[in-house]
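First the structure, in the form of structure tokens, and then the observations on it.
Letters go in sequence order (proteins before strands), and every chain restarts at 1.
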Amino acid sequence: MLDIKFIRENPELVKQALKNRNLKLDLDAFIKLDSQRREILGKLEDLRAKRNKANDEISALLKEKKDAKDKIGSMKAVSAEINQLENELKEIDVQLDKIILTIPNIPHLSIPVGDPTQNTVMRSWGEKRTFNFKPQTHIDLAQNLDIIDFNRATKITGSNFILYKGWGAKLERALINFMLDLHTSKHGYTEIFPPFLVNRASMLGTGQLPKLEEDMYKLKDDDLFLIPTAEVPVTNIFRDEILDETKLPVYYTAYTACFRREAGTYGKDTRGLIRVHQFDKVEMVKFVKPEDSYTELEKLVANAEEVLQILDIPYRVLMLATQDLSFSAAKCYDLEAYASGLDKWLEVSSCSNFESFQARRANIRFRKKEDRKVDFVHTLNGSGIALARTMAAILENYQQEDGSILIPKALRGYLDGKDRIS
RNA sequence: GGUGGGGUGGCUGAGCGGUUGAAAGCGGCAGUCUUGAAAACUGUUGCGGGGAGUUCUCCCCGCCCUGGGUUCGAAUCCCAGCCCCACCGCCA
């Protein structure tokens, strides 16, 4: 969330940010409520100071065994008034909290303003492969090779779930291991294996709640949620903690399954691996000092790009425009892998800087070495990378005329040296 | 799931209705000593909000798991919830 003081002092800036995100929110009502709160709080604090002083006096009288009845009697009215003001304050606080949790982060000035058509291609890497036959989609390829069973996944669970089989399952596992190994051994990340279920506080901390509750799988009996991304459990590792500056930056990487209801997207990408309710992903999460977060973002994107480069999959990097930016992000790059069969760019990674937005919600701070003061860290995360769509890109880009799939060189070591699925 | 015990500052831990924001110890920071370090000694050391002032202090309010309640007054008493520990039961 944003700093309420910042909102108070820069209302026009916040309004402009909301407008750039194409969001309607009555900020003036919020600001008015906030000033009401401050007025009540002022009165309340004066009364409490009065009460505290009287308490000391009563205490002193009783100690000297003198009569304090009058004093005690006169404080009853003050206490009643305090009580009433406290109730008023509580009510306003509830309303303020409700609103501030729905105010998104302020987009960074460097990003384009507008709808997704304003997303900017920053760079492209690799050449689209040319075929002397008509390339198939990953759906046909996988079914013919019997490495993904879409129909039985639907039988077991429902539509848009995946059942990998045989070399399909092994290839998935190889990809996970390859990515984790790359990030831990070469990029300096520490591997984490977190819970796949998280509580409400964690979901609030990273900003999935309250806005996106309908997109989340939820366990009603326990008030737990299936994670939509490892970002949630991993960022919340340090919720309500104060880190030592010397420990920063912290780099974590984690494999998890990700669960998304994708409510309201029916009819879009309904076949294959493109939009599924459960997919695997290797995620990178960083906790950094505020002044470093934008250079850390560039490094994060580079780490994700390297996965695609080693797999030799053509991709492009997009800087998202204000209306395409997720709720908590200040700046975000998407990586899109090219899939030859579908002839489409597939989003396989999102790398974002949240600045202090998540840290403030999750109360993640650090103590500065110089003056021993505490401040919020900046958090970042990026997919490194998402598996299902990467699988689709591999199948489509590495397909051969006979329908077999060449295995990318970097993965062969994870697959008994096998070079082809046929 | 059952029974019992417990949640206090960075940590250990005392307090169990009235100068207690909280003893003591450890840790951290600064100083003395030392060529330097260690040891010893001395001092200092929570977070959030608001105000006066303006780079240095001062004042006020809140915070002893969370949320209610009792009371002139709650870390301390009562209720609910969450979490932790021990034992029993169940179990991959």
Completion exercise
Heavy atoms of Glu396(A) and Ala339(A) approach each other most closely as OE1-CB, 3.2 Å

Handout entry: Any pair counted as salt bridge (Lys or Arg N to Asp or Glu O under 4.0 Å), so long as it reaches residues 155-170 of chain A, sequence neighbours left out
Key = Asp146(A)-Lys165(A)

Practice task
For C33(B) versus A14(B), give the span between their C1' atoms, rounded off to a whole number of Å.
Solution key: 34 Å

In a table with atom names and distances, give each donor-acceptor pair under 3.5 Å that connects a side chain of residues 403-414 of chain A to protein atoms at least two apart or in another chain.
{"unit_1": "Ser404(A)", "atom_1": "OG", "unit_2": "Asp402(A)", "atom_2": "OD1", "d": "2.7"}
{"unit_1": "Ser404(A)", "atom_1": "OG", "unit_2": "Arg420(A)", "atom_2": "NH1", "d": "2.8"}
{"unit_1": "Arg412(A)", "atom_1": "NE", "unit_2": "Ile407(A)", "atom_2": "O", "d": "2.8"}
{"unit_1": "Arg412(A)", "atom_1": "NH2", "unit_2": "Ile407(A)", "atom_2": "O", "d": "2.9"}
{"unit_1": "Tyr414(A)", "atom_1": "OH", "unit_2": "Asp181(A)", "atom_2": "OD2", "d": "2.6"}

Handout entry: Upstream residue (5' side of RNA chain B) when Asp56(A) and Ile72(A) are each assigned their closest nucleotide
Key = Asp56(A)

Problem - Nearest-angstrom distance, P atom, C16(B) to A52(B) - result: 41 Å

Handout entry: Interatomic distance at C1', U19(B) relative to A75(B), whole Å
Key = 16 Å

Problem - pair Tyr251(A)-Leu300(A): side-chain heavy atoms closer than 4.5 Å - result: no

Exercise for the section: Rounded to the nearest angstrom, tell me the gap between atom CZ in Arg200(A) and atom C1' in G81(B). Expected result: 15 Å

Show each protein N/O and nucleotides 89-92 of chain B N/O combination with a separation under 3.5 Å, one pair to a line.
none

Handout entry: Stretch residues 74-93 of chain A: residues that reach within less than 4.0 Å of RNA chain B through a heavy atom
Key = Met75(A), Lys76(A), Ser79(A), Lys90(A)

Practice task
Using Watson-Crick or G-U wobble geometry with both distances below 3.5 Å, tell me the partner of U42(B), or none.
Solution key: A30(B)

Practice task
Output every pair passing ring-ring contact (aromatic ring centres under 6.0 Å, His included) with a member in residues 280-299 of chain A, not counting sequence neighbours, ordered by first then second residue.
Solution key: His108(A)-Tyr294(A), Phe238(A)-Phe287(A)

Practice task
Check the distance between C65(B)'s C1' and Asn363(A)'s CG and give it to me in whole angstrom.
Solution key: 15 Å

Fill in the blank from the handout: For residues 71-80 of chain A, the side chain to side chain donor-acceptor pair (under 3.5 Å) pairs (sequence neighbours left out) are Glu57(A)-Lys71(A)

Practice task
Using a 4.5 Å cut-off on heavy atoms from C-beta on, say whether the side chain of Ile106(A) contacts that of Phe357(A).
Solution key: no

Handout entry: Gap in Å between the two C1' atoms, one belonging to U44(B) and one to G10(B), rounded
Key = 16 Å

Practice task
Look through every strand shown and name the nucleotide pairing with G62(B) as Watson-Crick or G-U wobble, where both distances are under 3.5 Å.
Solution key: C47(B)

Exercise for the section: Could you tell me which nucleotide pairs with G25(B) by Watson-Crick or G-U wobble geometry, both distances under 3.5 Å, or answer none if nothing does? Expected result: C11(B)

Practice task
Let me know the distance between CD1 of Ile58(A) and P of U19(B), rounded to the nearest Å.
Solution key: 13 Å

Exercise for the section: Please round to the nearest 0.5 Å and tell me the distance separating atom CZ of Arg21(A) and atom CD of Gln323(A). Expected result: 10.0 Å

Exercise for the section: Can you tell me, in whole Å, how much space there is between the P of C78(B) and that of G6(B)? Expected result: 12 Å

Handout entry: Separation of atom CG in Asp97(A) from atom P in G67(B), rounded to whole Å
Key = 12 Å

Practice task
Would you mind pulling out the nucleotide paired to U57(B), Watson-Crick or G-U wobble, both distances under 3.5 Å?
Solution key: A52(B)

Problem - Mate of A92(B) where both pairing distances stay under 3.5 Å, Watson-Crick or G-U - result: none

Problem - Mate of U76(B) where both pairing distances stay under 3.5 Å, Watson-Crick or G-U - result: none

Problem - Nucleotide forming a Watson-Crick or wobble pair with C87(B), both distances under 3.5 Å - result: G2(B)

Completion exercise
side-chain contact (heavy atoms from CB on, under 4.5 Å) filter on Leu33(A), not counting sequence neighbours, yields Gln36(A), Ile92(A), Gln95(A), Leu96(A), Ile99(A)

Handout entry: Pairs where residues 87-102 of chain A contributes a residue and the test salt bridge (Lys or Arg N to Asp or Glu O under 4.0 Å) is met, not counting sequence neighbours
Key = Arg37(A)-Asp93(A)

Problem - Whole-Å P distance, G48(B) and C64(B) - result: 16 Å

Practice task
Using atom CG of Leu47(A) as one end and atom P of G73(B) as the other, report the distance to the nearest whole Å.
Solution key: 13 Å

Problem - P-based separation of U76(B) from U71(B) [nearest Å] - result: 16 Å

Problem - Sequence neighbours excluded - side chain to side chain donor-acceptor pair (under 3.5 Å) pairs with any residue from residues 202-215 of chain A - result: Asn199(A)-Ser202(A), Arg200(A)-Glu213(A), Ser202(A)-Arg239(A), Thr206(A)-Gln208(A), Glu213(A)-Lys218(A)

Completion exercise
By salt bridge (charged side-chain N to carboxylate O under 4.0 Å, His left out), Lys15(A) pairs with (sequence neighbours left out) Glu12(A), Asp28(A)

Practice task
Any chance you could list the contact pattern along nucleotides 47-64 of chain B? Use B for base contacts, S for sugar-phosphate-only contacts and - for none, protein heavy atoms under 4.0 Å, 5' to 3'.
Solution key: SSBSS--------SBS--

Problem - Gap in Å between the two P atoms, one belonging to C56(B) and one to U70(B), rounded - result: 48 Å

Exercise for the section: Rounded to the nearest angstrom, tell me the gap between atom CG in Leu62(A) and atom C1' in U19(B). Expected result: 14 Å

Handout entry: By side-chain contact (heavy atoms from CB on, under 4.5 Å) - contacts of Pro210(A) (at least two apart)
Key = Leu101(A), Thr102(A), Leu204(A), Arg361(A)

Handout entry: Nucleotide C83(B), atom C1' - distance to CZ of Arg239(A) in whole Å
Key = 12 Å

